[in-house]
Undergrad: 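Quick one: this structure, given as structure tokens, is what I'll be asking you about.
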Amino acid sequence: MNVAAKYRMASLYVGDLHSDVTEDLLFKKFSRVGPVLSIRICRDLVTRRSLGYAYVNFLQLADAQKALDTMNFDVVKGKAIRLMWSQRDAYLRKSGIGNVFIKNLDKSIDNKSLYECFSAFGKILSSKVMSDDRGSKGYAFVHFQSQSAADRAIEEMNGKFLKDCKVFVGRFKSRKDREAELRNKASEFTNVYIKNFGDDMDDERLREVFSTYGRILSVKVMTNSCGKSRGFGFVSFDSHEAARKAVEEMNGKEVNGQPIFVGRAQKKVERQAELKQMFEQLKKERIRGCQGAKLYIKNLDENIDDEKLRKEFSSFGSISRVKVMQEEGQSKGFGLICFSSSEDAARAMTVMNGRILGSKPLNIALAQGY
DNA sequence: TATGAGCGG
């Protein structure tokens, strides 16, 4: 074996580095276990910023092993470093073979105790307890060198108590796989959400309305503190087929003289995420709609509201948005108007700037910066 | 409740 090949075998990958960690600092640290041939922190070619990982090349293989055994997860500049053998072939890292996901992990279990616990099943390439400034986030990853070791760990550990928590241990799934899985699950829903049936409704009547579609496991009309219907509720069927049919046939049908909404019941977080996304989409569209055609109106008379402002400017062209800024119901004296075309906006500004509206002359400026 | 990041000279 030539010298270069021998050195290569004594190379460690050091990940999860704080960006302020220097070669010098790492050299001092790793020299404690044995002679270090070289250290390289990988950096952005242009900015020279640390990419958060480095190589430590020992002269002796045994020293590299010793560093791996004793220094993994040591905290440097406030962050736990993660040591692995340098492995240039990306296959094992990318394939996900042998990668295990752990959740419901007791908060007191740290990197070292996790590593210790799981190394009983085989050689570990990399492991990590996910954490933030408040400590463990209660889930972790252990990447074994072989799938058989991973399978043994899952078999042995899943459902076992570690400290005070019954852990889940299973195969790691990429974000993409996991999202696909969740979508699949959602598409086979059995729980149905119903709204807009008003306050004249109870569990029994709702059950009656939906019982024609299949066997019902539970019905719930949501009520306020006085026991009065809040106008929405849930019906859980024993089969997806029944739930699907209920949605298909009942959505938009009249109950209590008004059309009801019937759809797949979402979890609260799911619904919130959807609303947030819709809101952001709307915002994007609004910004796009205003591009190049947005006027800032200042020195507005306090009696001018959205509608009055729109009326005053409507003759110049199609307006996509009007907003008088308010605070506690009071006009703040300025606002904005978005025209569909920038020519209309420019014309409106030319004609209306300085025009007296109410008690004051308007001060109009073309919005900058989009 | 939770499904990462990652390989040079």
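A note on names: the letters A, B, ... follow the listed sequences, proteins ahead of strands, and every chain is numbered from 1.
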Undergrad: Counting side-chain heavy atoms from C-beta on, which of dA5(B), dA2(B), dG8(B) comes nearest to Asn99(A)?
TA: dA5(B)
Undergrad: For Asp89(A), report the nucleic acid contact type (base, sugar-phosphate, nothing); a contact means any heavy atom under 4.0 Å.
TA: nothing
Undergrad: Would you say the side-chain atoms of His240(A) pair up with the backbone N or O of Asn191(A), donor to acceptor, closer than 3.5 Å?
TA: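 No; zero donor-acceptor contacts below 3.5 Å.
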Undergrad: How many whole angstroms separate atom CG of Asn57(A) from atom C1' of dC7(B)?
TA: 12 Å
Undergrad: I need the CZ-P distance between Arg93(A) and dG4(B), as an integer number of Å.
TA: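 Rounding to the nearest Å, CZ of Arg93(A) and P of dG4(B) are 16 Å apart.
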Undergrad: Here's a test of your reading of the structure: between Leu51(A) and Arg40(A), which maps to the more 5' nucleotide of DNA chain B?
TA: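 Per heavy-atom nearest nucleotide, the more 5' residue is Leu51(A).
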Undergrad: Can you tell me if the side-chain N/O atoms of Arg178(A) get under 4.0 Å from OP1 or OP2 in dA2(B)?
TA: yes
Undergrad: Find the distance Leu125(A):CG to dG6(B):P and express it as a whole number of Å.
TA: 16 Å
Undergrad: Remember a base hit wins even if backbone is also touched, and classify Asp177(A) as base, sugar-phosphate or nothing at under 4.0 Å, heavy atoms.
TA: nothing
Undergrad: Of Lys107(A) and Ser174(A), whose closest DNA chain B nucleotide lies nearer the 5' terminus?
TA: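 Nearest nucleotide further toward 5': that of Lys107(A).
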Undergrad: Determine the sole option in Asp74(A), Asp16(A), Asn111(A) for which the side chain to side chain donor-acceptor pair (under 3.5 Å) test with Arg82(A) is passed.
TA: Asp16(A)
Undergrad: Report the distance from atom CD of Gln87(A) to atom P of dG8(B), rounded to the nearest whole Å.
TA: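 Atom CD in Gln87(A) sits about 12 Å away from atom P in dG8(B).
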Undergrad: So is Lys220(A) actually on top of Phe234(A)'s ring, under 6.0 Å and inside 45° of the axis?
TA: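 No - Lys220(A) does not lie over the ring of Phe234(A) by the 6.0 Å and 45° rule.
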Undergrad: For the pair Phe141(A) and Phe101(A), name the ring-plane relationship: parallel under 30°, tilted 30 to 60°, perpendicular over 60°.
TA: tilted
Undergrad: Is the distance from OP1 or OP2 of dT3(B) to the nearest side-chain N or O of Lys173(A) less than 4.0 Å?
TA: no
Undergrad: Please report, rounded to the nearest Å, how far the P atom of dG4(B) is from the CG atom of Leu105(A).
TA: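 Taking atom P of dG4(B) as the reference, CG of Leu105(A) is at 16 Å.
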Undergrad: Kindly check if the number of other-residue, nucleotide or ligand heavy atoms within 6.0 Å of CG (Asp89(A)) is above 12?
TA: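 For Asp89(A), atom CG is crowded (more than 12 foreign heavy atoms under 6.0 Å).
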Undergrad: What's the closest nucleotide to the Arg82(A) side chain, out of dG8(B), dA5(B), dA2(B)?
TA: dA5(B)
Undergrad: Starting at atom CG of Leu37(A), determine the distance to atom C1' of dG8(B), rounded to an integer number of angstrom.
TA: 13 Å
Undergrad: Determine whether the aromatic ring of Tyr53(A) stacks with the base of dG6(B), defined as ring centroids separated by less than 5.5 Å and ring planes inclined by less than 30°.
TA: no
Undergrad: If you only use heavy atoms from C-beta on, which nucleotide in dG4(B), dC7(B), dG8(B) is closest to the side chain of Tyr13(A)?
TA: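 When the side chain of Tyr13(A) is considered, dC7(B) is the closest of dG4(B), dC7(B), dG8(B).
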Undergrad: For the side chain of Arg175(A) and the base of dG4(B), is some donor closer than 3.5 Å to an acceptor across the two?
TA: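 Between dG4(B) and Arg175(A), which were checked side chain against base, a qualifying N/O pair under 3.5 Å is absent.
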Undergrad: Measure the distance from CZ on Phe101(A) to P on dA2(B) and round it to the nearest whole Å.
TA: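 These atoms are roughly 8 Å apart.
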Undergrad: Distance check needed: dG4(B) P versus Asp132(A) CG, whole Å only.
TA: 16 Å
